[in-house]
Amino acid sequence: MFQDMTKKMNESIEPFKELVNIQTRMLEDLTRQQMECTKSCINATLAQTKQLQQCKSANDLLVLQQSYAQELEDTLKEASDENLKSLHDARDEIEKITKDAFNAFASE
């Protein structure tokens, strides 16, 4: 009897374990993506700083700043898209687990 109860308890807690695993993977993905984004922004800033020395006119500086701003915008947009994808993927997995748990509960 105790073994049956333990088995039922383990089965009932399994969806919660899976939810924790999904959230852990999502947070790992988001952290990795944010680190890559930060690294890319730092590299762009360093490259822009080096190129500042080569500017000979205000127009050169303006073109350099526009290029720098565009590069940062592209980097941030890409990071945002990747973050949203990770969040949507996690949401979809969580919805599936929830639906399966409710279906299993309803069939009992």
Side-chain angles (χ1 to χ4, degrees):
M1 181 169 152
F2 181 73
Q3 292 171 341
D4 291 339
M5 192 170 77
T6 302
K7 182 180 175 187
K8 281 277 192 198
M9 184 65 126
N10 285 337
E11 288 173 0
S12 67
I13 204 164
E14 197 61 38
F16 293 108
K17 290 179 183 178
E18 188 60 32
L19 290 175
V20 169
N21 289 336
I22 291 168
Q23 290 179 338
T24 301
R25 285 193 312 269
M26 178 192 65
L27 290 173
E28 288 171 349
D29 285 346
L30 292 174
T31 301
R32 180 186 47 74
Q33 292 165 4
Q34 290 302 312
M35 289 174 62
E36 289 172 3
C37 178
T38 301
K39 182 180 175 183
S40 181
C41 289
I42 290 171
N43 288 339
T45 302
L46 291 174
Q48 193 253 3
T49 303
K50 289 177 184 176
Q51 292 173 348
L52 276 174
Q53 299 169 4
Q54 299 170 359
C55 290
K56 301 207 183 327
S57 67
N59 192 42
D60 290 346
L61 181 60
L62 180 62
V63 170
L64 180 63
Q65 286 298 99
Q66 288 173 336
S67 172
Y68 173 68
Q70 184 63 49
E71 185 176 351
L72 287 181
E73 181 181 337
D74 293 344
T75 298
L76 294 174
K77 184 181 180 321
E78 183 179 334
S80 174
D81 291 344
E82 289 177 8
N83 289 344
L84 284 174
K85 183 184 180 315
S86 294
L87 291 169
H88 286 293
D89 290 348
R91 183 193 65 197
D92 291 344
E93 289 181 55
I94 289 170
E95 285 177 354
K96 183 183 181 319
I97 289 171
T98 304
K99 187 183 291 184
D100 291 347
F102 280 127
N103 288 341
F105 182 72
S107 67
E108 288 183 0

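Note that the coordinates shown come from a computational prediction; the quantities given were computed from them, not determined experimentally.
- Although no hydrogens or angles enter the test, the distance criterion places a donor-acceptor pair under 3.5 Å between the side chain of T49 and the main chain of T45.
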task: Give the intermediate values and the outcome of side-chain contact (heavy atoms from CB on, under 4.5 Å) for residues E93 and R25.
output: CA-CA 11 Å; E93 289 181 55; R25 285 193 312 269; 2.7 Å; yes
Let me check something: any side-chain donor-acceptor pairs from residues 50-62 under 3.5 Å, sequence neighbours excluded? List them with distances.
residue, atom, partner, partner atom, Å
S57, OG, N59, N, 3.4
S57, OG, D60, N, 3.2
D60, OD2, K56, N, 3.2

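- If you take CD on E73 and CD on E78, they are separated by 13.0 Å, rounding to the nearest 0.5 Å.
- Between atom CG of residue L46 and atom SG of residue C41 there is a gap of 11.5 Å, rounded to the nearest 0.5 Å.
- A salt bridge links D100 with K96: the distance from a Lys NZ or Arg NE/NH1/NH2 to an Asp or Glu carboxylate oxygen falls below 4.0 Å.
- Salt-bridge formation is detected for the pair K77/D81: a Lys NZ or Arg NE/NH1/NH2 atom is positioned less than 4.0 Å from an Asp or Glu carboxylate oxygen.
- Of the possible polar contacts, none joining the S80 side chain to the L76 backbone as a donor-acceptor pair under 3.5 Å is found.
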For residues 30-37, which side-chain N or O atoms pair as donor and acceptor with protein atoms under 3.5 Å away, sequence neighbours left out?
residue, atom, partner, partner atom, Å
T31, OG1, L27, O, 2.8
R32, NH1, E36, OE2, 3.3
Q33, OE1, N83, N, 3.3
Q33, NE2, S86, OG, 3.0
Q34, NE2, N83, OD1, 3.4

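- By the 4.5 Å side-chain criterion applied to Ile, Leu, Val, Met, Phe, Trp and Tyr, I94 is assigned to a cluster that also includes I13, F16, L19, I22, I97.
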